[in-house]
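Numbered from 1 within each chain, the chains take letters A, B, ... in sequence-line order.
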Amino acid sequence: MKKFLFYCALTILIAFIFIGIFADLIAPMDPDAINMANSLASPSAEHLLGTDHLGRDLLSRLIYGSRSSVFIAFFATGCTLLLGLTIGLVSGYFGGWADQLIQGVVNIFQGIPSTAFVVAVLGLLGPGIKSLLIAIVVSSWARFSRVVRNQVLGIREMHYIEGARAMGGSNLYIIRRHVLPNILLPLLVLIATRIGSTVLTVAAMSFLGLGLRAPASDWGIMINDAKLYFVNDFRVLLAPATCLTLFCLSINLIADYLRDHLDNDADTARIL
Amino acid sequence: MNDTLRYIMTKIFLAIPILIGITLLAFGLGLIARGDPALARLTVDPDYIPTEEEVQALREEMGLTDPIFIQYGRWISGVVKGDLGESYLDDKPVLSEMLRLLPNTLLLSFMSLTLIVVLGLLGGILLVVFQDRLFDVIGRILSIFIMSVPGFCLAYFMIWVFAQKLKLLPTSGTEPMTAFIMPCLALALSSACLVARLLRSSILGELVQDYALTARAKGLRKSQLVFRHTLRNALTPSVTHIANVFGGFLGGSMITESIFSIPGIGTYALTAINNRDYTAIQGYVLFTGFAFVLVCLLSDLICSYLNPQIRLGRRV
Amino acid sequence: MDIRVEDLYVRFATLSGDIEAVNHVDLTFSQDQITGLIGESGSGKSVLGLTIMGLLQSNATVEGRIFLGERELISLSEKDLCAIRGREIALVAQNPATSLNPSQKVGRQIEEVFRLAGEGKVDSTRRTHELLERMGFSDSERVMHSYPFELSGGMCQRILTAIAVAAHPRWIIADEPTKGLDAVVRNQVYDTFCMVKEQYNVSLIVITHDLLLARKFCDQIVVLYSGRVLEINTAQAIFNNPRHPYTQGLIASLPHLGMRPMPGFSAAFTDQPSGCVFHPRCPYIDEDCRKIEPKLIPVEEGSVRCHRYS
C-alpha cells in the first residue's frame with residue numbers, strides 16, 4: 001500500500017518534471033496568446049480545459065507553469081543544498097572555532113521565520129526570478145546546514161571514521177567515502193520536503209506579485225489572476241490549485257515513504 | 001531547582017547574541033537596499049536636478065558619510081528607545097503603526113495556534129489509539145492530503161463554498177468575529193495535520209522504547225500508557241514545530257491577511273514592500289525576528305519542562 | 001501455579017523476511033523452582049519471556065498455548081491480560097538505564113503500580129517508601145524524588161525490581177538482570193533477588209546469558225538455541241554433566257574452566273540449517289544430524305535434544 005502510493009507519487013513527480021522540460025512540445029497552444037473574444041470559455045475540443053479571463057488556453061498555461069515551478073524549485077533547492085551541505089560539513093567535520101562561528105550565524109539566520117525572510121529580501125531586492133532564487137537560498141541554507149552538521153557530528157564519533165583516519169585517509173577522502181554516503185538518506189528526506197516547500201514559496205510569492213511577474217505562466221500567477229473570476233467560474237482557480245496540490249502531495253508522500261524507510265531500518269535493528 | 005534556574009538563565013543569555021545578530025541583519029538588509037536616501041530625497045521633484053555638492057551636503061546632514069558602525073549605533077539607540085524610524089511613505093512612525101495593526105494579527109495567530117494545538121494533539125493521539133484501524137488509515141491519508149493543499153488555495157476554496165455558495169460567512173474584514181473563521185482555518189489546517197502526523201509518529205517511536213515495556217508490564221492499558229508515559233516524552237518535536245509555525249504567524253501572514261483583507265502586520269509589510277518603504281521593511285524584519293526568537297525561547301523552556309533531562313544538564 | 005508452555009511458536013514479520021524467534025517450545029515452569037533460561041543473544045529467550053506476558057510488538061505472530069494454572073494466556077483479550085500483568089506475572093526488563101520513564105520521578109513510577117491495584121494516594125506513597133527501604137535504599141525520600149537518569153544502573157535495576165514486586169505477583173520474569181553491570185553490582189542484584197524470593201514468595205524465571213548467575217541462583221536450567229530448547233536439567237546437572245554438545249561448549253567457554261570458545265556462529269534467523277539447528281557447529285556431527293531434526297529425549301532427570309542420546 002505504502003509502496004504503491006510511493007510509486008504513484010514518484011510517477012506524478014517525474015511526469016511534472018517531464019512536462020516541464022518538454023513544455024514546448026506538449027503544450028497545444030501558445031500560453032500567452034490572448035483572445036479576448038473567447039475569454040473564460042468552458043472546456044471544448046480546442047481548449048481542453050477552457051480559457052482564462054484573457055482567452056489564454058488554460059492547459060497550455062498549466063504546462064508552462066509546471067516548467068517554471070519545477071525549474072525554480074529544483075534549482076533553488078540545488079543551490080541551497082550546495083551551500084548548506086558545504087557549510088554544514090565544514091562546521092560539523094572540523095568543529096572548533098569554525099563550528100562556533102558558523103553556528104552563531106546559523107542561529108541568527110534561523111531567528112527570522114522563513115516566509116518573512118523571503119518577503120523581506122524580495123522587497124529589498126525587488127521582484128523577479130533572480131531575487132526570488134537569492135531570497136530562497138538566503139532564507140533556507142541555515143536549516144540545511146544545521147541538519148547536515150548534526151548528522152556529521154554523530155557520524156564523526158563513529159569508530160570507522162577513526163579507523164579510516166588511522167589508515168591515513170585524507171579529510172576529503174573520509175568525507176567523500178564515509179561521511180557523505182551515511183548522511184545521504186536523511187538528507188534525501190530534507191531535500192524532498194525542501195522542494196515541496198520551495199514550490200509553495202514560489203507560488204505564494206508570485207501570488208503576492210513579488211516573484212514572477214504576469215504575464216509569465218506560473219501557477220501562483222494563475223491563482224492570482226483567477227481571484228477576480230473564480231466566483232463565476234471556479235475552473236480557472238481549480239486548475240492551478242490542483243496542480244499545486246498534486247505536486248505537494250507527491251512530494252509529501254515521497255518524503256513520508258523515505259522517512260518510514262529510515263525508521264524501519266532502525267526498527268529491524270532493534271528487534272534483532 | 002537550581003539547575004532549572006540555571007538552564008533558563010543560560011537559554012535567555014544565549015538568545016541575546018541572536019537578537020543582536022538580527023538587528024545587524026535588519027540593519028544590513030536596509031543598508032544594502034536603500035540606495036542613496038539623500039539622492040532619493042533630492043530627486044523627489046523630477047524637474048529639479050541637484051548638484052553634486054547639494055547631494056553631498058545632504059548626505060553629511062543625514063549622517064550617511066559616517067562610518068557604518070556609527071550609523072548602526074545611531075539606529076540601534078533609536079531602536080532601543082522604541083524608535084524604528086518613520087515610513088518613507090507617509091512619515092508615520094513604523095513602530096506605532098505596527099502596534100496599531102498588531103491586535104488583528106495577534107487575534108488571528110492565537111486562534112490559529114489554538115486550532116493547531118487542539119486538532120493536532122487530538123488527531124495525533126486518536127491516530128495512535130486507533131493505530132492500524134480504519135480511522136488511522138483514513139486519517140493519515142486525509143491528513144497528508146490536507147497538508148498538501150496550499151493555504152491560499154484552501155482560502156479561495158472556502159470563500160467559494162462558505163461565502164459564495166452557502167453564504168454562511170463574510171469574505172473579508174474583521175467584523176463580526178465570524179470573519180476570522182476562514183482565515184484561521186486557512187492558516188492552521190495544514191499545520192494541524194502536520195502536527196497530528198508528527199505527534200503520531202513520535203508517540204509510536206516512544207511506544208517501542210524500553211520504558212514503555214516496563215509500563216505495559218505493570219498492567220497499563222494502551223490508552224493509559226499513552227497518556228501517562230509516552231505523550232509527554234513525545235511532545236517535544238511537536239512543540240518545537242508549533243513554536244516555529246506560531247512564530248511565523250506573529251510576523252503576520254501576508255497571504256491570508258491580504259486574501260481576507262485583514263489589516264495586520266502582514267498587510268503592512270506587503271504595502272511597505274510594494275512601495276519600497278525600506279524603513280518599514282527594516283522594522284518589519286526586526287519585529288518578526290524578535291517575536292520569532294522569543295517564541296522559540298518559550299518553546300525551549302516548555303520542552304525543558306517536559307523533558308527534565310534537558311534542564312537538569314544531561315544530554316538526551 | 002505453574003506456567004506451562006505448549007508448542008509455542010513466535011514469528012516476526014520484518015522487512016528482511018520472516019524471523020522465527022521461538023520454534024515449537026514445550027516447557028513447564030514449576031512454581032517452587034527458579035528457572036533459568038540461558039542462551040546466546042538471539043536465541044529467543046527474551047522473546048519467550050515477553051510472549052508469556054503478551055508484550056510482543058504487533059508484527060509478531062504467536063501460535064501455541066501458554067497456561068497460567070488453568071487459564072490459557074494467548075487467547076485472552078488485551079483487557080484480561082492487563083489484569084494479569086503486574087499483578088500475577090511481573091517483568092524486570094533488561095537495560096535498567098532505559099527501562100524507566102526518563103521524564104517521571106522514580107517515586108511516581110512505583111506508586112503507579114499501587115494506584116493500579118486500586119490503592120489511595122497516601123497509602124501508595126507510604127508503601128512506596130516501605131518498598132524502597134526493603135530494597136536497600138536508606139534514603140528513600142531522596143530516591144523517590146529523583147529522575148531515573150540521576151541514579152546509577154544498579155539503583156535503576158533495584159527500582160525495576162521494586163516495581164515488579166510491588167503488587168505481589170506470583171511470578172517474576174527477570175530479563176537479563178545482570179546485563180551491563182559490573183561484578184559488585186551483579187552481586188547486589190543477586191542478593192536483591194534472593195531477598196525478593198524469600199520475602200515475597202514469588203516464583204522466578206531468570207533470562208540470562210550470565211552462566212555464573214544461573215548456576216548460583218537457579219534450580220532448573222533451560223538451554224535455548226535458535227529458538228529451540230536444546231536441554232533441560234537441574235542447575236547442578238547442567239554444570240557438572242552437560243549432555244548437549246552446545247551446553248558442553250557453553251560450559252567450556254566459562255573463564256575459570258579454560259575459556260575455550262565455541263567454533264562458528266549462531267545461524268541467521270532467516271536462513272536456518274536443516275536437521276539439527278546446531279549441526280554446523282557440532283563437533284560430533286553425524287549424517288542424521290544434517291537431515292532429521294532430533295526430538296527432546298528424556299535422559300535421567302532432564303531431557304536433551306540430540307541424536308546421540310536416542
Pick one of side chain, backbone, both or neither for A:L237, based on which atoms fall under 4.5 Å of a heavy atom in chain B. side chain
May I ask you to name which of A:A116, A:G209, A:S114 has the most heavy-atom pairs under 4.5 Å with chain B? A:A116
Interface moiety of B:I255 toward chain A, non-hydrogen atoms closer than 4.5 Å: both
Ion pair check, A:D256 and B:R197, cut-off under 4.0 Å: yes
Residue B:F157 excluded, over 12 heavy atoms near CZ under 6.0 Å: no
Okay, B:I18 and chain A: the region with an atom under 4.5 Å from a heavy atom over there is both
What distance separates A:L122 CG from B:I281 CD1, expressed to the nearest 0.5 Å? 10.0 Å
Could you have a look at B:V285, B:I144, B:V137, B:L154 and say which one has the most heavy-atom pairs with chain A under 4.5 angstrom? B:I144
Where A:P113 and B:G247 come nearest, the two heavy atoms and their spacing: CG-O, 4.2 Å
Tell me, for A:F247 versus chain B, whether the close heavy atoms (under 4.5 Å) come from the side chain, the backbone, both or neither. neither
Considering only heavy atoms and a distance below 4.5 Å, find which of B:A163, B:P150, B:G266 pairs most often with chain A. B:P150
Aromatic plane relationship, A:F207 with B:Y156 - under 30° parallel, 30 to 60° tilted, over 60° perpendicular: perpendicular
Which distance, rounded to the nearest 0.5 Å, do you find between the CG of B:N244 and the CD of A:Q110? 8.0 Å
Highest number of heavy-atom pairs under 4.5 Å with chain B among A:V119, A:N107, A:I251 belongs to A:V119
For B:I259, which atoms come within 4.5 Å of any heavy atom of chain A: side chain, backbone, both, or neither? side chain
Where does A:L238 contact chain B at under 4.5 Å (heavy atoms): side chain, backbone, both or neither? neither
Which region of B:F290, side chain (C-beta onward) or backbone (N, CA, C, O), has a non-hydrogen atom less than 4.5 Å from a non-hydrogen atom of chain A, or is it both or neither? neither
Top residue by heavy-atom pair count (under 4.5 Å) with chain B, among A:L246, A:I223, A:T242, A:L200? A:I223
Using non-hydrogen atoms and a 4.5 Å limit, figure out which bit of B:F145 sits close to chain A: side chain, backbone, both or neither. both
Given side chain to side chain contact (heavy atoms under 4.5 Å, CB included), test A:T115 with B:F249 step by step and report yes or no. CA-CA 10 Å; A:T115 329; B:F249 286 169; over 6 Å; no
Would you say that A:L244 contacts B:C153 through its side chain, given a criterion of any heavy-atom pair below 4.5 Å between the two side chains? yes
Under a 4.5 Å cut-off applied to non-hydrogen side-chain atoms, are B:I22 and A:F109 in contact? no
Quick check on A:A226 against chain B: is it the side chain, the backbone, both or neither that has a heavy atom closer than 4.5 Å? neither
Which atoms of B:S258 come close to chain A, meaning under 4.5 Å heavy atom to heavy atom: side chain ones, backbone ones, both, or neither? side chain
Does any part of the side chain of A:N224, heavy atoms only, come nearer than 4.5 Å to the side chain of B:F152, both counted from C-beta? no
Tell me, yes or no, whether the heavy-atom count around A:Y7 atom OH, taken from other residues, nucleotides or ligands under 6.0 Å, exceeds 12. no
Distance from A:I108 atom CD1 to B:L24 atom CG, nearest 0.5 Å? 7.0 Å
Counting only heavy atoms not in A:R143 (residues, nucleotides, ligands), do more than 12 fall under 6.0 Å from its CZ? no
To the nearest 0.5 Å, how far apart are CG in B:L270 and CG in A:L210? 6.0 Å
Relative to chain A, which segment of B:I141 carries a heavy atom at a distance below 4.5 Å: side chain, backbone, both, or neither? side chain
